[in-house]
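Here is the structure we will look at, set down as structure tokens.
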Amino acid sequence: MAIRIYNTLTRKKEPLETLTPNVVTMYVCGPTVYNKAHIGHAMSALVFDILRRYMAYRGYEVQLAMNYTDVDDKIIQRANEMQVDPFALAEGYIEDYRKNLADLNIEPATYNPRASHEIEQIIDMVQTLIDKGMAYPMDGDVYYRVRKKADYGKLSGRNLDDMRAGVRKDADDRKEDPLDFALWKSAKPGEPAWESPWGKGRPGWHIECSAMNQHYFGTTIDIHGGGNDLIFPHHENEIAQSESYSGEPFARYWVHNGMLQLRGEKMSKSLGNIISIDEFLQLHSADSFRYLVLNSAYRNPIVFSPDVIEQAEKALDRLKSGLRPALPGVHGASDEVLQALEAQRVATKDGFITCMDDDFNSAGALGHLFELVRLINHSRDQNASEEQLKPAQDQLRELLQVFGLMMAEEAADQGGQSADPFIQMLIDLRLELRKQRTGRWFGARPAESTGRDFGRFREVLLALGIDSDEKNGLPAVMRHLKF
RNA sequence: GGCGACGUGGCCAAGUGGAUAAGGCACGGGUCUGCAAAACCCUGACCAUCGGUUCAAAUCCGAUCGUCGCCUCCA
């Protein structure tokens, strides 16, 4: 039995066959660091974290590269607006993102390349593409010659003639074809720039990923991932560049996650419907977001709303209930009960693997986990002892860990009655304030509407002398609270 | 306009040709005998609409309606 993965390139599920047995090389497009990351970024990062953890569970050594685009028009623009150095700006957001990923329990990538560290490789690739006639310099810029690649469009299912009609009117007429894209951009005075055979400049967006792949993994990688909004033009262009450069296939499997939506729309700056990861984590647990991702197919969109998060939190409580200890003073369950529990343990593990092997069907796999939870709880109810519960609970914990849910590591709730009275009071207060919250807390003006009740809660904390400095995250006491 | 995805019980969501359509949340009933919570047990859908293929369709094909994404920076 092998893992089957949906490959955007072939539009089919295919068995995972890696270049090197038991090793997966995977590259995932990371963020352009010109702003705080939002929960759409989190969804993508979570999807690939789940894939990665599962492949590791199935015995693969996963080598993951996730890049930071730290040289980019938007970064330069933002830095100019803020009167700061663009590299310092990027550095700050990289640090923020690292922390976001850690808070979300996402395992660090094996490599975190940055565009600005790959200039040598980039220049080499661009020059090679020029030498091969696949690219041409033009006034300090270098463009890729789209018409020269016979199969350009194979990933996104487009052909060049169909796209012509859609090209913007203000397209740069210096280009041979309006669809030719920049590999290298000449720099204006004051912009970050590197010396190159074509003058001072900086890399285009697409080339950096090709260069980083080449640098870390060589000509061909197993899996290339990213959001499905990157299919065109970004990934299409990566394929064009890399394959023209090496003459070899670039990535064997293209994996794309669906978009996170707010009110049924994709989150985007222009719509003003952004929730940052920080904002989310102020109100909710990392596990709740992970559950949201697990509970739907990674290729489909997720519509984010207070409802679904609330449901996720409840569902997590239920999963957690399976890890509770045996009832006090029990004498043990009947053989019948124990046999059923063991049968479910095995069925759940098998079902989990069957689902996940089928293109990472985490929602289906979750269903099997809940079935195990029910049997564990049932057995506990039937007087199963701690020892009798243990194999099933260990199994549950193992699979929760594969999913990356932090609850698996947290100590089992000791019968649900151990909370410090002071903490309990805070929990009650917090819940009360949340109930009073009215209307939608997300929306066009997140900065003003988000976490108003949380703000009031913080006032109380401050009055009690508890520091909840938002920059440094929540103080330890807050971690006990359910948000 | 071009390319693509999706539409399953009140909500979220698996299942993509065949035996009773997973699971979670919410609701209702019960174990419960002060109340409440937890846990346990029980309870609900013929799968957007129409037509077709087939011995057999939520699952394949076509049309219609609806939602969303990409085609410009985007996870």
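Below, read A as the first sequence line, B as the second, and so on, with proteins coming before strands; counting in each chain starts at 1.
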For this session: With the side chain counted from C-beta on, respond yes when A:Asn100 and A:Asp278 share a heavy-atom pair under 4.5 Å apart, and no when they do not.
Result: yes
For this session: For the residue pair A:Phe360 and A:Ile5, establish whether any side-chain heavy-atom pair is separated by less than 4.5 Å.
Result: yes
In whole angstrom, give the distance that lies between atom [atom1] of [X] and atom [atom2] of [N].
X	N	atom1	atom2	result
A:Leu155	B:C71	CG	C1'	14 Å
A:His206	B:U72	NE2	P	10 Å
A:Asn257	B:A5	CG	C1'	14 Å
A:Glu236	B:G69	CD	C1'	16 Å
A:Phe352	B:A22	CZ	C1'	15 Å
A:Leu389	B:C40	CG	P	12 Å
A:Asp358	B:G15	CG	C1'	10 Å
A:Glu313	B:C12	CD	C1'	14 Å

For a quick check of understanding: with a heavy-atom distance under 4.0 Å over all strands, which category does [X] fall into, base, sugar-phosphate or nothing?
X	result
A:Ala312	nothing
A:His38	base
A:Glu371	sugar-phosphate
A:Lys314	sugar-phosphate
A:Arg374	sugar-phosphate
A:Gly225	nothing

Seminar exercise, completed: Closest to the 5' end of RNA chain B, once A:Arg11 and A:Gly40 are matched to their nearest nucleotides, is A:Arg11
For this session: Using heavy atoms to find the nearest nucleotide of RNA chain B for A:Ile302 and A:His378 separately, return the residue whose nucleotide is more 5′.
Result: A:Ile302
For this session: Measure centre to centre between the rings of A:His206 and A:Phe181, then say whether the value is under 6.0 Å.
Result: yes
For this session: Decide if the gap between the ring center of A:His368 and the ring center of A:Phe352 is smaller than 6.0 angstrom.
Result: no
For this session: Could you give the distance separating B:A57 and B:A21 at their P atoms, to the nearest angstrom?
Result: 14 Å
Exercise. If you measure from the P atom in B:C41 to the same atom in B:C50, how many Å do you get, rounded?
Worked result: 38 Å
Exercise. Which pair of heavy atoms, one from A:Val146 and one from A:Asp180, lies closest together, and at what distance?
Worked result: N-OD1, 2.9 Å
Problem set entry | Heavy-atom closest pair, residues A:Val373 and A:Arg318 | CG1-O, 3.5 Å
Problem set entry | Residue that, paired with A:Lys13, satisfies salt bridge (Lys or Arg N to Asp or Glu O under 4.0 Å) out of A:Asp357, A:Asp359, A:Asp358 | A:Asp358
Between [X] and [N], is there a contact of a side-chain N or O with OP1 or OP2 at under 4.0 Å?
X	N	answer
A:Asn295	B:A14	no
A:Asn361	B:A14	no
A:Arg318	B:G24	yes

Seminar exercise, completed: When both distances are under 3.5 Å in a Watson-Crick or G-U wobble arrangement, the nucleotide paired with B:C50 is B:G62
For this session: Kindly indicate, with the supporting measurements, whether the criterion side-chain hydrogen bond (donor to acceptor under 3.5 Å, both in side chains) is fulfilled by A:Tyr54 and A:Arg58.
Result: CA-CA 6 Å; A:Tyr54 184 69; A:Arg58 295 289 268 129; 3.2 Å; yes
Hey, what are the protein-to-nucleotides 28-33 of chain B N/O distances that come in under 3.5 Å?
none

